Participant: 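Before I ask anything, let me first share the structure, which is written out below as structure tokens.
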Amino acid sequence: MKITRAVLLTSGIFATLLTLLQAEEGMIPVTQLSEFDLKSRGLEMSTTEVFDAGKVCLVDGICRVNGCTGSFVSPEGLILTNHHCAHKAIQSLSSAEHDYLTNGFMAASKAQELHAKGYTVRITESFSDVSEQVLSAATADMDFVARTKAMELRRKELEKQAETDNPGLRAEVAEMFSGRTYVLFLYTYLKDVRLVFAPPASIGEFGGEVDNWEWPRHTGDFSFMRAYTAPDGSAAEYSERNVPYRPRRVLKVQPDGVNESDFVMLLGYPGRTVRQRTASFLKYEQGVRLPYVVDTNAWEIKTLEEAGLEDRAVAIRLANRIKSLANVEKRSRGQLLGLGRTNVEQAKITEEMQFQAWIDSDEQRKAQAGSLLGDIDEVYTEISGAASFELPLQSLRSSCQCVSLAFQIFDAAVERQKPDLQRETAYMDRNFELTSQQMLLAVQDLHLPVDQKIYAEFTRRLAESPATPSSSIAAIPGVADNSQQAVERLFAQTQLTNPDFVRKCLSMSPEQLQGLNEPFLMLVETMYPEYMKLRETDKRRDGQLTQLYGPFLELKRQYQNSAFIPDANGTLRLTTGHIRGDSPRDGIRRVPVTTVRGVIEKTTGNEPFVTPDIVMQKAKNRDTTGFRHPQLGDVPVAILYDTDTTGGNSGSPVMNSRGELVGLNFDRTFEATINDFAWNPDYSRSIGVDIRYILWITGPVYGSNHLLNEMGVGVP
Ligand code: ASP
């Protein structure tokens with residue numbers, strides 16, 4: 001029988017019913033794998049086959065690539081990750097003459113692979129619980145700032161000790177449950193990463209922001225990178241002498257892919273979820289922070305896009321920032337929609353009322369914890385009240401590149417005079433090289449006319465905020481009355497566009513910087529006390545929240561009488577689910593696989609729906625042998641599944657029950673963006689590129705058959 005889409009859809013309904021019961025919340029920390037019955041979840045692997053410190057296991061084939069995930073797909077350190085994860089590298093290696101964003105990048109041999117500056121790769125080696133050590137650093141007599149600082153220092157000491165005991169490895173203490181559980185992770189940490197293959201943006205970003213966070217999807221969001229080491233195998237900075245890294249485990253690339261209702265699992269490094277926070281936090285997010293992000297990001301995107309309209313070189317320089325801003329803007333809109341539609345806040349309020357009643361029902365518990373929820377609420381009320389000043393103050397420093405660079409230069413000078421462990425993390429010896437590299441990339445992309453507009457926008461917001469104190473901030477150009485000319489002078493006289501100047505500044509003391517008469521450095525010096533106040537305020541709130549959330553979570557665990565999974569925090573997690581459609585609105589049911597036919601249908605020839613001629617031709621000629629879905633008769637492009645993911649899971653391998661790679665995770669649906677706040681099997685859906693599309697585009701379409709061979713995939 002020839003199975004059609006309709007049959008697939010009907011059978012899908014049964015499959016959906018079957019799997020409804022099986023979809024489970026949970027980014028299971030690698031530290032808690034043994035608490036779960038992985039076989040009953042659908043894995044054909046034991047816990048120790050997934051992770052076993054010191055032994056070869058599946059986790060050895062997974063890496064973190066900056067804020068994303070990747071997997072090793074060849075014995076020579078070849079990494080498969082998303083196009084959007086390699087985007088910063090593709091963008092900063094591009095110019096109007098070598099426009100790798102538009103045309104793609106294909107290294108014909110290793111010698112042609114290009115250094116991806118600012119990229120690092122880490123692989124989880126082992127972990128140990130250090131909660132006792134971290135928590136004991138804070139003593140009862142300390143105020144909140146002192147608590148935060150003491151715990152930060154203890155974490156750095158533990159990391160340093162672990163790195164001394166394990167030469168060559170990188171140590172990182174992660175907070176699993178605020179104020180309760182801390183785990184020290186050891187990582188292999190590689191610092192020479194290169195770009196190997198990126199499809200043109202018309203494939204890697206097909207559909208652009210129109211399709212971002214949407215299903216059905218037809219984006220080939222993938223690229224290949226490679227990790228390198230010194231010839232002796234040790235981690236080393238970029239050098240021509242370096243050789244490809246030899247991973248202990250390579251994921252088997254499974255060109256047979258998956259089918260509707262099949263089991264899938266992902267390993268990856270999800271960044272942040274906030275499901276354990278209280279209703280008062282949600283109120284702040286829904287009422288204050290998310291609307292601010294939507295508003296300011298939309299304005300900034302428009303400003304940056306306009307600047308690039310007439311000049312491709314400028315557009316390239318701004319491309320990565322636009323992409324990140326747009327990604328967050330649309331995600332925040334999705335979250336606002338979800339918060340409104342699902343009424344998560346109200347559900348939390350009800351739950352917390354019951355929880356409070358339970359606390360109050362026991363005199364001793366009431367005496368110890370009766371005010372916990374109210375105290376947490378007070379912190380968020382304070383944060384909300386200060387937001388109209390603090391948010392634009394932070395944006396001025398992060399969005400205006402001149403302020404950002406000047407601040408980091410000045411801050412580095414101040415911090416680097418302190419002993420290493422006392423410094424802010426970015427300026428510690430172990431991180432400063434990377435911080436400097438990232439700053440120099442920002443210099444390369446600096447565009448003064450746009451930066452001046454951004455400066456004007458955020459200083460205007462500061463001037464208009466009733467919460468802005470009459471401190472040094474009130475006197476800076478843009479905030480002070482009639483200071484337009486002073487703003488123009490800042491931008492006319494700045495030297496921050498010169499990389500040599502910035503590099504020199506990075507080794508100077510605050511006094512030496514003062515002697516340079518650089519206008520933004522002088523400006524930042526004026527503002528520095530205010531930024532330091534903000535830093536201290538953040539540490540105080542952090543200290544307060546840590547002290548409150550610790551007992552809150554412990555009591556909640558007792559109240560619910562079940563173990564719960566910590567929020568995502570950038571550490572390695574496993575999640576399981578099934579290929580599964582969804583029903584986002586009344587009357588709509590969507591199938592979980594798209595095909596090249598859909599790419600052609602969507603192609604209008606206008607951005608963002610342009611498809612390269614070569615793809616159109618191959619599709620028209622049905623030159624797809626070896627990569628077709630057996631039932632659909634076409635190359636599958638994207639897949640939808642009900643695992644539990646968030647940002648940072650970008651680039652995670654989608655694997656079958658045996659740990660073979662069948663797809664590449666890159667997104668969630670618009671409705672699923674809310675799962676950062678609350679998970680639900682009805683709306684939580686993640687999106688991946690089907691492995692067959694990746695292989696078809698890489699090999700037959702763009703002629704990089706050597707990569708298919710390297711991955712051990714036969715070229716048809
Ligand atoms: N595309 C997303 C991101 O990079 C991945 C996700 O959040 O699910 O933010």
Side-chain angles (χ1 to χ4, degrees), residues 82-107 112-119 194-212 219-223 225 297-330 399-402 404-405 438 440-455 491 494 496-499 602-616 697 701-702:
N82 291 141
H83 184 273
H84 81 262
C85 297
H87 194 271
K88 180 71 199 155
I90 307 168
Q91 176 259 315
S92 51
L93 289 164
S94 288
S95 59
E97 298 77 53
H98 298 285
D99 189 345
Y100 302 133
L101 276 176
T102 303
N103 306 319
F105 173 78
M106 290 114 205
Q112 290 181 10
E113 295 171 3
L114 295 176
H115 180 205
K117 285 187 194 155
Y119 275 70
R194 304 191 194 172
L195 184 64
V196 175
F197 178 101
S202 52
I203 294 172
E205 300 182 65
F206 182 77
E209 283 311 312
V210 179
D211 270 11
N212 196 14
T219 314
D221 191 349
F222 75 95
S223 58
M225 303 184 93
N297 280 26
W299 175 86
E300 219 177 314
I301 293 159
K302 194 168 139 274
T303 309
L304 297 184
E305 277 178 351
E306 278 167 9
L309 278 182
E310 303 297 324
D311 187 339
R312 180 65 192 150
V314 172
I316 289 174
R317 271 150 70 189
L318 302 176
N320 187 254
R321 276 169 67 197
I322 294 174
K323 193 172 169 67
S324 316
L325 287 162
N327 192 45
V328 174
E329 189 270 342
K330 194 164 177 190
S399 292
C400 174
Q401 301 301 294
C402 284
S404 165
L405 285 165
Q438 280 162 349
L440 290 165
L441 287 173
V443 174
Q444 182 187 312
D445 294 335
L446 188 51
H447 181 65
L448 289 181
V450 149
D451 218 40
Q452 186 167 336
K453 287 188 183 155
I454 293 173
Y455 181 91
F491 283 89
T494 184
L496 294 175
T497 48
N498 176 353
K602 275 188 183 170
T603 299
T604 58
N606 297 320
E607 291 293 350
F609 295 105
V610 180
T611 298
D613 288 345
I614 175 95
V615 177
M616 296 296 270
I697 291 288
V701 177
Y702 282 102

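Please read all numbers here as calculations on a predicted model, not as lab measurements.
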Participant: Evaluate the criterion side-chain contact (heavy atoms from CB on, under 4.5 Å) for residue pair Asn320 and Ser324; output intermediate values, then yes/no.
Facilitator: CA-CA 6 Å; Asn320 187 254; Ser324 316; 4.1 Å; yes
Participant: Checking the side chain of Asn82 only, and the main-chain atoms of His84 only, is there a donor and an acceptor separated by less than 3.5 Å?
Facilitator: no
Participant: Please report the shortest heavy-atom distance between Ala298 and Glu329, naming the atom on each side.
Facilitator: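 For Ala298 versus Glu329, the nearest heavy atoms are N-CG, 4.1 Å.
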Participant: State, without any angle test, whether Gln444 and Ser92 hold a side-chain donor-acceptor pair at a distance under 3.5 Å.
Facilitator: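 No, because no side-chain N or O of Gln444 sits under 3.5 Å from a partner of the opposite role on Ser92.
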Participant: Should the pair Phe197 and Phe222 be assigned to parallel (<30°), tilted (30 to 60°) or perpendicular (>60°) ring geometry?
Facilitator: parallel
Participant: Within a strict 4.5 Å, meaning less than it, do heavy atoms of the Leu93 and His115 side chains meet?
Facilitator: no
Participant: Between Ile614 and Tyr702, is a side-chain contact (heavy atoms from CB on, under 4.5 Å) present by the stated rule, with each step listed?
Facilitator: CA-CA 8 Å; Ile614 175 95; Tyr702 282 102; 3.6 Å; yes
Participant: Got Asp221 and Cys85 here, is their nearest side-chain heavy-atom distance under 4.5 Å?
Facilitator: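 A side-chain contact is absent here, since even the closest heavy-atom pair is not under 4.5 Å.
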Participant: State whether Lys602 and Asp211 are salt-bridged, where the test is any N-O pair (Lys NZ or Arg NE/NH1/NH2 against Asp/Glu carboxylate O) under 4.0 Å.
Facilitator: yes
Participant: Looking at side-chain heavy atoms only, is the closest gap between Val450 and Lys453 below 4.5 Å?
Facilitator: no
Participant: Could you pull out the closest heavy-atom pair between Leu304 and Leu325, with the gap in Å?
Facilitator: CD1-CD1, 3.7 Å
Participant: So that I can tick it off, tell me whether Lys88 and Asp445 are bridged by a salt bridge, with the cut-off set at under 4.0 angstrom between side-chain N and carboxylate O.
Facilitator: yes
Participant: Does any non-hydrogen side-chain atom of Leu405 lie less than 4.5 Å from one of Leu446?
Facilitator: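 The answer is yes; the side chains approach within 4.5 Å.
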Participant: Taking atom CD1 of Ile322 and atom CD of Glu209, what is their separation to the nearest 0.5 Å?
Facilitator: 10.0 Å
Participant: Work out which heavy atom in Thr611 is nearest to a heavy atom in Phe206; give both atom names and the distance.
Facilitator: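 Here Thr611 and Phe206 meet closest at OG1-CE1, 3.4 Å.
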Participant: Is it the case that the side chains of Glu300 and Asn297 hold a donor-acceptor pair, with the cut-off being a distance below 3.5 Å and no angle test?
Facilitator: no
Participant: For Val314 versus Ala307, what's the shortest heavy-atom pair and its separation?
Facilitator: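 Minimum heavy-atom separation between Val314 and Ala307: CG1-O, 3.6 Å.
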Participant: Tell me the closest heavy-atom pair linking His83 and Ala198, and the distance in Å.
Facilitator: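 Looking at all heavy atoms of both residues, the closest pair is CD2-CB, 4.4 Å.
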Participant: Is any side-chain heavy atom of Arg312 closer than 4.5 Å to a side-chain heavy atom of Thr102?
Facilitator: yes
Participant: Looking only at atom types and distance, does a side-chain atom of Arg194 sit under 3.5 Å from a main-chain N or O of Gln112, one as donor and one as acceptor?
Facilitator: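 Such a contact is absent between Arg194 side chain and Gln112 backbone.
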Participant: Go through it in stages, so that I can follow the logic: the residues are His98 and Ile316, the test is side-chain contact (heavy atoms from CB on, under 4.5 Å), and I'd like the CA-CA distance, side-chain angles, deciding distance and then a yes or no.
Facilitator: CA-CA 11 Å; His98 298 285; Ile316 289 174; over 6 Å; no
Participant: Could you measure the distance from the CD1 atom of Ile454 to the CH2 atom of Trp299? Nearest 0.5 Å is fine.
Facilitator: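 Going from CD1 on Ile454 over to CH2 on Trp299, the span is 5.5 Å.
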Participant: OH/Tyr455 to OG/Ser399 distance, rounded to the nearest 0.5 angstrom?
Facilitator: 14.0 Å
Participant: Going through the distances and angles, do Leu114 and Phe105 end up as a side-chain contact (heavy atoms from CB on, under 4.5 Å)?
Facilitator: CA-CA 10 Å; Leu114 295 176; Phe105 173 78; 3.5 Å; yes
Participant: Can any side-chain N or O of Glu310 pair as donor or acceptor with the backbone N or O of Gly308 at less than 3.5 Å?
Facilitator: no
Participant: If you round to the nearest 0.5 Å, how far is CG of Asp311 from NE2 of His447?
Facilitator: 7.5 Å
Participant: Looking at Glu205, is its backbone amide N or carbonyl O close enough to the side chain of Thr219 to form a donor-acceptor pair, meaning the two atoms are under 3.5 Å apart?
Facilitator: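 Not a single qualifying donor-acceptor pair exists.
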Participant: Using every non-hydrogen atom in the two residues, find where Pro199 and Gly220 come nearest and quote the distance to one decimal.
Facilitator: CG-O, 3.9 Å
Participant: Checking Asp451 side chain against Cys400 main chain: does a donor-acceptor pair fall under 3.5 Å?
Facilitator: no
Participant: What distance do Gln91 atom CD and Arg317 atom CZ have between them, rounded to the nearest 0.5 Å?
Facilitator: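 If I round to the nearest 0.5 Å, the distance is 10.0 Å.
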